[in-house]
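Predicted, not measured: the structure shown is a model, and the values here were computed from it.
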Amino acid sequence: MNLRSKKSLMALGAGAAALTLGLSACSGDTSESNDGGGSSGPEVEVFTWWAAGSEKAGLDALVGVFNEQHPDLEFVNGAVAGGAGSAAKDLLQSRLQAGDAPDTFQAHAGAELQDYIDAAQIQDVSDLYTEFGLTDAFPADLIDRLTVDGAIYSVPSNIHRANVVWASPAVLEEAGLDPEAEYESIDDWIVALDAVQETGKTPLSVATTWTQVHLLETVLLSSLGAEDYNGLWDGSTDWESSEVTTALENFEIIMGYTNDDRDGLDWPDATQQIIDGQAAFNVMGDWAEAAFAEAGATSPEDYIYFPVPGTAGVFDFLADSFTLPVGAPNEDGAKAWLETVGSAEGQAAFNKAKGSIPARTDADTSDFSPYQQSAIEAWGSDVIVSSLAHGAATPVATLNQVSDATSKFTTGASDLATFQSELAAAVAG
């Protein structure tokens with residue numbers, strides 16, 4: 001499916017520039033405050049990395065529904081700042097190991113949960129799926145992706161798409177490029193990147209390591225195709241193969257078109273370069289859409305979006321979800337939060353603000369943005385693959401090793417052969 005918006009393109013404003021934190025932007029208040037209002041009843045600490053911007057707005061919307069559905073409970077904001085949740089995950093692991101679990105915590109659905117499962121730090125919530133009617137509300141293929149050895153360990157709040165390019169029509173036109181052009185492959189895209197580079201603008205904006213891993217996964221997907229990309233995680237694709245070498249060579253070429261200050265930035269800064277007309281393209285998940293909408297501009301000339309070249313018809317999937325930790329101080333309160341997270345009302349409110357789409361098939365999305373409507377259609381028709389950078393494809397320990405290898409490579413501390421070997425070793429465990 002073509003994600004390009006041809007009629008209703010929303011614009012960005014400067015508001016996203018202030019966001020300096022990771023996946024779904026997390027900076028700011030880390031205090032335990034009841035940001036959404038509500039009663040002074042028993043406290044429910046909800047641990048997330050949603051502390052600023054559109055992600056905080058999404059959390060606030062979800063808290064509003066929680067307060068309506070459970071007025072006898074008090075929401076306590078356990079948000080922790082950190083790129084793509086990295087700081088939050090580190091602190092969370094320290095707390096879990098110390099026996100100081102929050103009532104519930106955010107995690108990416110999929111393989112990221114495996115480490116918590118293996119450490120017996122989260123509980124099976126399959127019974128809650130029956131109690132809350134989630135088995136019928138969520139698509140069957142999503143239920144399959146959430147199930148580990150017959151058990152389910154989290155309730156997803158949304159579905160995000162990772163393989164999206166956001167672009168500035170003005171910068172493309174300045175480079176003599178047609179904003180409506182289709183790029184069927186990485187090679188086609190490189191021609192456009194060259195044209196932008198000739199103008200002195202940044203062809204492709206990127207930020208710190210996790211955004212580079214995000215870019216890497218989309219280049220792997222484009223170069224290998226969905227089946228062989230999936231094989232990277234189930235063992236059927238050899239990380240040492242010539243096909244992977246070619247994909248990594250493409251990544252190396254693409255990184256050559258990025259901004260030199262990337263390692264000092266986070267995703268909102270890279271997105272801001274599209275807003276300000278400093279860069280032509282940015283590869284980012286569709287949480288960027290919420291930042292665009294937050295700016296409030298309406299001109300159809302402000303930005304466009306389309307699948308990463310070579311990935312049309314593929315949906316690179318991730319989902320934020322919430323767990324029931326072992327030793328949760330207020331287990332009943334945590335279950336109440338999970339009920340709200342999985343509810344049609346909660347998912348509609350949260351996802352409208354965050355730019356993602358509901359995991360439920362019956363949530364009201366009639367007033368969602370044109371991009372979100374396109375993502376809903378794509379989720380229902382495209383081939384689904386799991387995100388590397390956002391916890392769906394690999395456990396946390398593997399992703400950490402992949403991130404370290406990527407950082408070494410993109411900062412010049414290793415060559416391509418070493419990079420490929422280190423990636424192979426990381427996934428092999």
Side-chain angles (χ1 to χ4, degrees), residues 83-84 86 162-163 165 183-194 196-197 202-265 267 270 279-284 308-311 314 316 385-390 393-395 397-429:
S86 57
N163 59 316
V165 177
Y183 304 106
E184 298 295 332
S185 67
I186 293 292
D187 287 342
D188 291 340
W189 197 24
I190 288 172
V191 174
L193 295 172
D194 276 331
V196 174
Q197 193 165 58
T202 298
L204 176 64
S205 62
V206 74
T208 191
T209 299
W210 77 263
T211 72
Q212 297 167 33
V213 175
H214 183 120
L215 177 62
L216 170 64
E217 80 178 56
T218 64
V219 174
L220 288 168
L221 177 59
S222 174
S223 301
L224 297 173
E227 182 176 355
D228 286 346
Y229 172 85
N230 285 333
L232 294 172
W233 320 121
D234 66 19
S236 60
T237 297
D238 183 2
W239 273 95
E240 301 278 12
S241 67
S242 60
E243 290 79 11
V244 172
T245 302
T246 298
L248 297 180
E249 288 171 347
N250 286 337
F251 176 67
E252 183 175 32
I253 292 169
I254 293 293
M255 283 297 300
Y257 291 101
T258 63
N259 42 302
D260 292 336
D261 61 348
R262 56 186 179 253
D263 291 315
L265 307 179
W267 78 265
F281 302 104
N282 173 240
V283 175
M284 189 44 56
V308 170
T311 72
V314 181
D316 188 8
V385 302
S386 295
S387 169
L388 161 65
H390 305 289
T394 65
T398 300
L399 175 57
N400 288 342
Q401 293 178 57
V402 168
S403 298
D404 289 344
T406 302
S407 179
K408 286 175 59 179
F409 180 64
T410 60
T411 57
S414 69
D415 60 15
L416 192 140
T418 302
F419 182 38
Q420 185 167 2
S421 296
E422 289 181 345
L423 292 175
V427 176

Worked verdict on Asp234 versus Ser236 for side chain to side chain donor-acceptor pair (under 3.5 Å): CA-CA 6 Å; Asp234 66 19; Ser236 60; 2.6 Å; yes
As an exercise, state the distance from [atom1] of [X] to [atom2] of [Y], rounded to the nearest 0.5 Å.
| X | Y | atom1 | atom2 | answer |
| --- | --- | --- | --- | --- |
| Thr410 | Glu252 | OG1 | CD | 11.0 Å |
| Ile254 | Glu249 | CD1 | CD | 13.0 Å |
| Asn259 | Leu265 | CG | CG | 6.0 Å |
| Asn230 | Leu224 | CG | CG | 10.5 Å |
| Leu215 | Asn163 | CG | CG | 12.0 Å |
| Thr209 | Asn400 | OG1 | CG | 11.5 Å |

Pairwise side-chain contact, Trp233 with Leu388, heavy-atom cut-off 4.5 Å (strictly under): yes
Min side-chain heavy-atom separation Asn282-Val165 under 4.5 Å: no
Verdict with reasoning, Gln420 to Thr245, per side chain to side chain donor-acceptor pair (under 3.5 Å): CA-CA 7 Å; Gln420 185 167 2; Thr245 302; 2.8 Å; yes
Exam field: side chain Tyr183 to backbone Val191, donor-acceptor pair closer than 3.5 Å: no
Mind listing the closest non-hydrogen atom pair of [X] and [Y] along with its distance?
| X | Y | result |
| --- | --- | --- |
| Ala162 | Glu217 | CB-OE2, 3.8 Å |
| Pro203 | Ala280 | O-CB, 3.5 Å |
| Val385 | Ala226 | CG1-CB, 3.9 Å |
| Thr258 | Met255 | OG1-O, 2.7 Å |
| Asn250 | Ser223 | ND2-OG, 3.0 Å |
| Gln401 | Ala425 | OE1-O, 4.4 Å |

Neighbour count >12 (heavy atoms, 6.0 Å) for atom CD, Glu227: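 Not buried by this count: 12 neighbours or fewer within 6.0 Å.
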Verdict with supporting geometry, Leu232 and Val427, side chain to side chain contact (heavy atoms under 4.5 Å, CB included): CA-CA 8 Å; Leu232 294 172; Val427 176; over 6 Å; no
Where at least one partner belongs to residues 202-215, residue pairs that pass salt bridge (Lys or Arg N to Asp or Glu O under 4.0 Å), sequence neighbours excluded: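 Residue pairs passing salt bridge (Lys or Arg N to Asp or Glu O under 4.0 Å), neighbours aside: none found.
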Qualifying salt bridge (Lys or Arg N to Asp or Glu O under 4.0 Å) pairs, either residue in residues 403-421, two or more places apart: Lys408-Glu422
Exercise: do Asp263 and Gln212 side chains pair donor with acceptor under 3.5 Å: yes
Between Asp316 and Ser387, a side-chain donor and acceptor under 3.5 Å: no
Parallel, tilted or perpendicular: ring planes of Phe409 versus Phe419, cut at 30 and 60 degrees: parallel
